Participant: 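I'd like to ask you about the structure that follows.
As the structure lists them, so they are numbered: ligands from 1, and atoms in each ligand from 1. This structure is a prediction, so every number in the text was calculated from the model and none was measured.
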Amino acid sequence: MNAQELELIDTARGLVASGKGLLAMDESNSTCNEEFAELGIAQTMDVRRAWRELIITTPRLAEYISGVILYDETIRQESREGPSFLNVLADTGITPGIKVDLGAKTQAGHPGEKVTEGLDGLRGRLQAYFQMGARFAKWRAVITIGNGLPSQGCIEANAHALARYAALCQEVGLVPIVEPEILMTGEHGIEECGKVTEQVLHAVFNQLYEQRVLLEAMILKPGMVLPGLACPKQETADQVADTTVHCLLRVVPAAVAGVAFLSGGQTGEQASARLNAMAVRFNAYGSPLPWVLTFSFARAIQRPALAIWNGDDTNKAKAQQALLHRARCNWAALRGDYDIAMEGNG
Ligand code: 13P
């Protein structure tokens with residue numbers, strides 16, 4: 001391996017093998033505005049900046065979080081006191097990453113399905129982000145279950161784009177986070193989610209191989225294998241842990257640096273409990289998993305804090321406590337030390 005490849009592997013390991021997790025704060029402006037609107041928070045650039053500043057200046061965040069995923073607007077911003085967000089992060093030792101896809105758009109000829117755009121001109125954008133200081137990137141593909149979906153055409157198009165993106169990232173020195181998200185919406189059972197997850201990951205790793213992506217220098221960001229939100233049967237945390245890990249063991253090569261789950265609409269407590277069950281049932285015993293398991297949550301870390309802040313900086317300290325609490329719960333879950341009793345003294 002050459003020096004750049006070794007450095008990429010170091011970065012990937014530093015992000016996932018530190019016993020910490022990732023915090024996704026890379027909502028596009030429209031997604032961030034939607035979340036603000038739900039809570040009646042003003043949807044302006046300045047308010048988005050204030051929210052993101054609150055997150056990255058949370059005291060002790062770096063004890064639990066190894067990297068944060070930023071959005072194009074955020075990576076260029078400055079905090080109220082002056083230092084850029086990137087300098088604030090550099091001072092805490094948190095590695096900055098950047099969302100580089102341009103969103104999931106309706107896929108032609110595939111009603112109800114989406115394909116993620118953003119490959120045109122991507123090399124130049126990645127080079128610019130690396131120059132700014134980003135050391136990893138994220139690209140999210142979206143797969144829907146239901147009514148005969150997903151189609152093979154949707155899976156292949158998204159897998160191909162993810163692999164092309166990942167190869168470009170490694171070329172410029174960024175560790176790619178490869179995120180094929182299978183949406184939780186629907187009435188399907190956990191078995192169906194497992195079947196689709198296996199099918200999608202199989203296609204993704206096939207494309208990653210074809211595009212010559214160095215698996216040791218990438219992070220997979222899948223969803224947990226879960227029943228649809230509208231499915232009457234909701235499995236326990238232990239059952240989710242078993243189904244998820246057994247599925248991943250069948251399709252994720254051992255060389256992959258780490259698996260960092262998205263939260264996908266689970267509550268903070270659900271996400272922590274399920275992550276904890278995976279650590280207890282698989283990593284706490286004799287034969288550890290081939291890859292590191294960790295988290296890369298957005299909503300399951302941010303949501304309670306956002307509701308407390310509510311656009312008003314007089315609530316800032318309380319919101320930061322709530323954010324830190326969720327980060328700490330997930331950090332504890334990685335060790336199998338999360339307990340619902342922790343929720344009482346947040
Ligand atoms: P959630 O944890 O809210 O699913 O977000 C993770 C993410 O980065 C989505 O792209």
Side-chain angles (χ1 to χ4, degrees), residues 15-16 20-36 38-39 51-52 55 64-75 95-105 114-118 134 136-145 158 161-162 165-166 169 175-186 193 197 200 204 218-226 228-229 240 244 258-275 293-307 322-323 326-327 329-331 333-334:
L15 288 168
V16 296
K20 304 179 190 178
L22 302 171
L23 169 56
M25 47 181 289
D26 60 331
E27 299 81 9
S28 64
N29 289 346
S30 56
T31 304
C32 187
N33 287 346
E34 275 169 34
E35 294 187 5
F36 281 7
E38 268 178 42
L39 294 165
W51 171 239
R52 267 71 183 253
I55 296 176
Y64 311 115
I65 298 295
S66 57
V68 294
I69 314 174
L70 304 169
Y71 181 60
D72 186 69
E73 177 179 275
T74 323
I75 199 170
T95 304
I98 178 78
K99 168 192 174 74
V100 299
D101 67 70
L102 299 180
K105 307 286 161 61
K114 294 189 167 178
V115 63
T116 301
E117 294 186 353
F136 69 104
K138 186 194 97 172
W139 177 290
R140 172 177 177 254
V142 178
I143 304 288
T144 305
I145 299 182
N158 278 297
L162 277 166
Y165 137 83
C169 281
V175 169
I177 294 192
V178 172
E179 180 180 7
E181 174 170 4
I182 293 159
L183 295 178
M184 284 168 65
T185 39
C193 181
T197 302
V200 167
V204 168
M218 66 154 273
I219 295 166
L220 178 70
K221 178 164 173 169
M224 297 180 193
V225 177
L226 298 169
L229 283 170
V240 166
T244 301
V259 174
F261 290 105
L262 59 92
S263 61
Q266 303 176 67
T267 64
E269 288 88 346
Q270 281 174 330
S272 298
R274 290 162 172 168
L275 200 57
L293 287 187
T294 188
F295 58 91
S296 176
F297 297 157
R299 284 165 287 180
I301 293 180
Q302 290 189 44
R303 275 259 165 103
L306 181 61
L323 190 93
R326 289 258 57 85
C329 285
N330 292 313
W331 176 88
L334 297 180

Participant: Check each atom of ligand 1 against the heavy atoms of Phe297 and keep those under 4.0 Å away; list them by number with element.
Facilitator: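 By the 4.0 Å cutoff, the relevant atoms are 2 (O).
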Participant: Please find the pair of heavy atoms, one from Arg140 and one from Asp101, that lie closest to each other, and give the distance.
Facilitator: N-OD2, 2.8 Å
Participant: Check for a donor-acceptor pair, side chain of Thr294 on one end and backbone N or O of Ala260 on the other, with a separation under 3.5 Å.
Facilitator: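 Such a contact is absent between Thr294 side chain and Ala260 backbone.
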Participant: Examine ligand 1 and decide if any of its atoms is less than 4.0 Å from a heavy atom belonging to Ala300.
Facilitator: no
Participant: Report yes or no: does a heavy atom of Gln266 sit under 4.0 Å from some atom of ligand 1?
Facilitator: no
Participant: Please state whether Lys221 comes within less than 4.0 angstrom of ligand 1, counting heavy atoms only.
Facilitator: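 In this structure, Lys221 qualifies as a contact of ligand 1 - some heavy atom is under 4.0 Å.
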Participant: Counting both backbone and side chain atoms, is some N or O of Gly264 under 3.5 Å from an N or O of ligand 1?
Facilitator: yes
Participant: Taking only residues two or more places apart in sequence, or in another chain, which ones meet Arg52 in a salt bridge (charged side-chain N to carboxylate O under 4.0 Å, His left out)?
Facilitator: Glu27
Participant: Output the distance between atom CD1 (Ile98) and atom SG (Cys169), rounded to the nearest 0.5 Å.
Facilitator: 11.0 Å
Participant: Locate the shortest heavy-atom distance separating Ala24 from Lys221; write the atom from each residue and the value.
Facilitator: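 In this case the closest contact between Ala24 and Lys221 is CB-NZ, 3.9 Å.
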Participant: If we ignore hydrogens and angles and just use 3.5 Å, is the side chain of Thr95 paired with the main-chain N or O of Gly67 as donor and acceptor?
Facilitator: no
Participant: Among all protein heavy atoms, pick out the one at the shortest distance from atom 1 (P) of ligand 1; state its residue, atom name and that distance to 0.1 Å.
Facilitator: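 The protein heavy atom lying closest is Ser263 OG, 3.2 Å.
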Participant: Looking only at protein heavy atoms, identify the closest one to atom 5 (O) of ligand 1 and say how far it is in Å.
Facilitator: Ala298 CB, 3.3 Å
Participant: Identify, for atom 10 (O) of ligand 1, the protein heavy atom at the shortest distance, and state residue, atom and that distance.
Facilitator: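 Looking at atom 10 (O) of ligand 1, the protein heavy atom closest to it is Lys138 NZ, 2.4 Å.
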Participant: Looking only at protein heavy atoms, identify the closest one to atom 9 (C) of ligand 1 and say how far it is in Å.
Facilitator: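 Checking every protein heavy atom, the shortest distance to atom 9 (C) of ligand 1 gives Glu179 OE2, 3.2 Å.
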Participant: Go through ligand 1 atom by atom and flag the ones less than 4.0 Å from a non-hydrogen atom of Arg299.
Facilitator: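 Result: 1 (P), 2 (O), 3 (O), 4 (O).
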Participant: Is it the case that Thr267 and Arg303 place a side-chain donor and acceptor less than 3.5 Å from each other?
Facilitator: no
Participant: Quick check: closest heavy atoms across Phe295 and Ile65, and the distance to 0.1 Å?
Facilitator: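 Nearest pair, atom of Phe295 first, then Ile65: CE1-CD1, 3.8 Å.
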Participant: With a 4.0 Å heavy-atom cut-off (strictly under), which part of Ala24 contacts ligand 1: side chain, backbone, both or neither?
Facilitator: side chain
